[in-house]
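Okay, structure first, notes after.
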Amino acid sequence: MYLAKFFHRPPGDGDRKLLFVPGKRPVIIGIHMRAPGEPEREDFLREAFSDIGAAVAVYRRHAAKLVAAGYVETAHVKYTLRHLLPDPQPKPDWQKELDELLLAALSAPLAEQHNRLVALQGTFAACEPLYLWLAAQHGYA
């Protein structure tokens, strides 16, 4: 399991994917997206951690740095191949919050997880499998 965030910055030749891979040694990987036929490029980031909480904090910082550099997080991708419309739409807030819920489930105290679940009630996120599974774990199902 991993969390992937996709970032686009016009004109579209520098799109990025930021992966968070949890586990005994969580890893953050930053990948240059490419179109079919383009040569592969070296990852722009690869960091391993011994602590999940530190890894989550650094992942959030890297995502914030991309946004500060003019990238827009988008859900409109074809996985690893860069294939975006000319003006991809930003990722909806409820999807971003669902990502944050996953990160909280990996590293945050139960009270924070609870608050994130409650905040997502009544949104599109509340129908998503991740939300439903975590809500069941917390006794909200």
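Values in this document were obtained by computation on a predicted structure and should not be read as measured data. Numbers for residues simply follow the sequence, beginning at 1.
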Seminar exercise, completed: Those residues at least two apart in sequence (or on a different chain) that pass side chain to side chain contact (heavy atoms under 4.5 Å, CB included) with A55 are F20, P26, F49

Exercise. Got a sec, which residues hit ring-ring contact (aromatic ring centres under 6.0 Å, His included) with W133, two or more places apart in sequence or on another chain?
Worked result: none

For this session: List in chain and number order the residues that pass side chain to side chain donor-acceptor pair (under 3.5 Å) with R61, two or more places apart in sequence or in another chain; answer none if no residue qualifies.
Result: none

Exercise. Which residues pass the side chain to side chain donor-acceptor pair (under 3.5 Å) test with E128, sequence neighbours left out?
Worked result: none

Seminar exercise, completed: P90 meets the side chain to side chain contact (heavy atoms under 4.5 Å, CB included) criterion, sequence neighbours left out, with V72

Exercise. Residues two or more places apart in sequence or in another chain: which of them pass side chain to side chain contact (heavy atoms under 4.5 Å, CB included) with E73?
Worked result: K5, F7, K91, K96, D99

For this session: Determine, stepwise, if the pair E47 / H62 fulfils side chain to side chain donor-acceptor pair (under 3.5 Å).
Result: CA-CA 11 Å; E47 291 183 67; H62 282 300; 2.6 Å; yes

Problem set entry | Separation of L101 CG from L117 CG (nearest 0.5 Å) | 5.0 Å

For this session: Applying side chain to side chain donor-acceptor pair (under 3.5 Å), name anything that partners D51, two or more places apart in sequence or on another chain.
Result: none

Problem set entry | Worked verdict on H8 versus Y71 for ring-ring contact (aromatic ring centres under 6.0 Å, His included) | CA-CA 5 Å; H8 171 73; Y71 286 87; 8.2 Å; no

Exercise. Is a side-chain donor or acceptor of Y2 paired with a backbone partner of P22 at a separation under 3.5 angstrom?
Worked result: no

Seminar exercise, completed: One should read off an interatomic distance between L120 CG and N115 CG, to the nearest 0.5 angstrom, of 11.0 Å

Show me the donor-acceptor pairs within less than 3.5 Å that the side chains of residues 102-112 make with the rest of the protein, sequence neighbours left out.
unit_1: S107; atom_1: OG; unit_2: L103; atom_2: O; d: 2.9
unit_1: E112; atom_1: OE2; unit_2: R116; atom_2: NE; d: 3.2

Problem set entry | Interatomic distance, F6 atom CZ to T74 atom OG1 [nearest 0.5 angstrom] | 9.5 Å

For this session: Count the heavy atoms of every other residue, nucleotide or ligand shown that sit under 6.0 Å from CZ of F44, and state whether that count exceeds 12.
Result: yes

For this session: Could you pull out all residues at least two apart from D93 that satisfy salt bridge (Lys or Arg N to Asp or Glu O under 4.0 Å)?
Result: none

For this session: Would you check, one step at a time, whether the test side-chain contact (heavy atoms from CB on, under 4.5 Å) holds for E100 with R60?
Result: CA-CA 9 Å; E100 287 299 317; R60 287 177 173 142; 2.6 Å; yes

Problem set entry | Residue list, side chain to side chain contact (heavy atoms under 4.5 Å, CB included) with A119, at least two apart or on another chain | none

Exercise. Under a 4.5 Å cut-off applied to non-hydrogen side-chain atoms, are L19 and L3 in contact?
Worked result: no

For this session: Please list, chain by chain and in numerical order, all residues satisfying salt bridge (Lys or Arg N to Asp or Glu O under 4.0 Å) with R25, sequence neighbours excluded.
Result: none

Seminar exercise, completed: Interatomic distance, CG@L45 vs CG@L18, rounded to 0.5 Å, equals 6.5 Å

Problem set entry | Working for side-chain contact (heavy atoms from CB on, under 4.5 Å), residues R16 and L66 | CA-CA 9 Å; R16 309 284 175 99; L66 286 169; 4.2 Å; yes

For this session: Please name all residues satisfying side chain to side chain donor-acceptor pair (under 3.5 Å) with R46, sequence neighbours left out, ordered by chain then number.
Result: D43

